[in-house]
Amino acid sequence: MRSLILRTVAPLIVGLMVLFSIFVLLRGHNEPGGGFIGGLIAVAALSIYGIAFGVETVRRAIVFHPLSIAGAGLLLATLSGLLSMVFHVPFMTGLWVYPVILGEEVPLSSVMTFDIGVYLVVVGAVTSVALSLEERGED
Amino acid sequence: MAAVSSPPADLSAALVLQPVTALDWLVVLPVAWCIGIGAVLMMVRHRTFLQPLIAVAALGVLAGLDAALLWHVAQTGPVTMVMGRWLPPFGIAFTVDLMGALFALMAAVVALAGAVAAVTDINDSGRRYGFYPLLMLLMAGVSGAFLTGDVFNLYVWFEVLLISSFGLLVLGAEREQIDGAVKYGFLNLVATTLFLIATGYLYGIFGTLNMADIAAKAGPLRETAPLTTLIALFVFAFAMKAAAFPVNFWLPASYHTPRIVVSALFAGLLTKVGIYALIRVSVMLFPFERRELSLVIAVVGALTMITGALGALAQTDTRRLLGYLVISGIGSMLAGIALGGPGGIGGAVFYALHSMVVMTALYLAAGLAARFGGGFSLAALGGLYARHALFSALSLMLFFAVSGLPPFSGFWPKVMLVKAALDSGAWWLAAALLFTGFLTMIATGRLFLIAYWRPAGAPTLQVAVPATALLPLMALTAVSVLIGLFPETLLGLVQKAALTLDEPSAYLHSVFPAGSAP
């Protein structure tokens, strides 16, 4: 879309939206949010980027093919579930570690990596759909 | 965000506390393995050379896992693992009994054969489109449906396999395929929606979705709750999935459109998932209601098998003909479900296992016949026997097997079903079974006469067929012959499976070792 205003503000909006999507993803463990909704916000950001600068720019910006991103997310989610095999507990049991980083205790868990996997699956799959729809619109 | 981690509440009362052994992991590994490999294949989608290598090896491993699971279940009885360590009925349980393990193993064998056959049938563009990742995800859905012990989870696996099957169905994106996919998709979504509505009612009545919990609680509720209505809804939804008589029109409208390997996999796997779910819900969860509905199911079964066989007689396209044979087989399984008891249910399970192998092999044979003879139309095919005698011999064995002639795999389930029908006095059902076998023999005999014995009309080019195309057909035929010649092991297993379904106390004990849920 040839709009100077959109092209000027798009990088700012997109950056903010991606940041916000990661915030929503991490917030999701105890409060509303999570991988699915965070992923959708990230897809909205990438779609705006695509509307402003064209689909090719987005494809270059995310480096990998959207479906490869989705595959990586699915693999990450599966491995998060399988991790509990090492600890002799059933599939998908939440496992926690509490490392102290810079004086702050940071709870990390396999639940979170599972959710990051969901985030990547949503980003990859829906971006793939959105980009091919935008591509149709261009020609 | 509070940085102080409060000491976690004591949850031990709600958790599984005994350590989980590696053998227990076999319950969930088939599904996790399929999803993980599907994800890897998605990431290497453009390495078209790597795709079949990974997929074939992975499906080989899957068959090994399922075989180990079957061995484990045969040794110890039903095995359970609950997701996320939460005690059932709150944690979602994967519970595997003999029937589930048998179906899962046979599905893996069929999928392995399909993946090998796809090496030559699916070209690079099909691979880039994602045939192998979709196949792995389809197997995740199919295995999940066979292994789960939770009704809503069963619905989720139905969705997984349905979505993957949409992708496989439109592989190639030809006009005819889109047409078939729309019919298939719409009618399957209707059936899935009915399944979901029935699941909602089930939850409304029982307040639980765990199968063992439902089976334990059905007794006292029988007086007050409309369980027969509920089970009728389930039966309708699953019968639609399985392509039973009045709601079978989606199958012949769509199964002839995709690539032949995809047709073969669908014929082997999808309708059998419907039959599996029907057996699981009607026989194990609601045995009394099944008895009340048995006449309806028996009539539907008889009509399905006879209309299927008559439909096969009328077709001129080999793929459509086989589609009607799939439907006809579903009728025999429904007859077994209607009859009940070890003979009937065991016969239905045995028939389903036989049908998985033989229908897949028949579709693969139709694909090879099209390569040798230049098409799927009976008018064009001819002279296959002169072209390739070994292939013709394999086809003839499969034709005998699907008609239920000894010494092939179709004979024993038919014997079990006919005996169960005669024992319960349903002579008309036994007659329908035998008459269907007769009609099927005529339909396949006609196919053999026209396509194999009739001299070729016009001399066609000699086609070189690589070993990978013939190998899966030979392997599946060998499985059918072996089952036919040495049926004792499988007969024992299916009868034991039917007994576990009839008297599910072992299943219940595996989910609730300390007695029933509160």
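Throughout, protein chains are lettered first and strands after them, A, B, ... in sequence-line order, and every chain is numbered starting at 1.
Using a 4.5 Å cut-off between heavy atoms, Leu29(B) touches chain A through its side chain atoms alone. Interface residue Ser68(A): backbone and side-chain heavy atoms are both found under 4.5 Å from chain B. For chain B, the nearby parts of Ala70(A) are the backbone and the side chain; heavy atoms of each come within less than 4.5 Å. In this structure, chain A has a heavy atom under 4.5 Å from the side chain of Met81(B), while its backbone stays farther away.
When Val111(A), Val121(A), Leu75(A) are compared by the number of non-hydrogen pairs under 4.5 Å with chain B, Leu75(A) comes out ahead.
In Phe36(A), the CZ atom is not crowded: 12 or fewer heavy atoms of neighbouring residues, nucleotides or ligands sit closer than 6.0 Å. Around CD1 of Ile101(A), the count of heavy atoms belonging to other residues, nucleotides or ligands within 6.0 Å exceeds 12.
The side-chain heavy atoms of Phe94(B) and Pro90(A), taken from C-beta on, include no pair separated by under 4.5 Å.
Of all heavy-atom pairs spanning Phe91(A) and Ala32(B), the tightest one is CZ-CB, 4.0 Å. Closest approach of Met42(B) to Leu67(A), counting heavy atoms only: CE-O, 3.6 Å. Taking every heavy atom of both residues into account, Gly71(A) and Ala39(B) meet most closely at O-CB, 3.2 Å. In plain terms, the two heavy atoms of Trp25(B) and Leu82(A) that are nearest each other are CZ3-CD2, 3.8 Å.
Once rounded to the nearest 0.5 Å, the distance linking NE2 of His65(A) with NE2 of His46(B) reads 4.5 Å. If you take CE on Met85(A) and OG1 on Thr21(B), they are separated by 11.0 Å, rounding to the nearest 0.5 Å.
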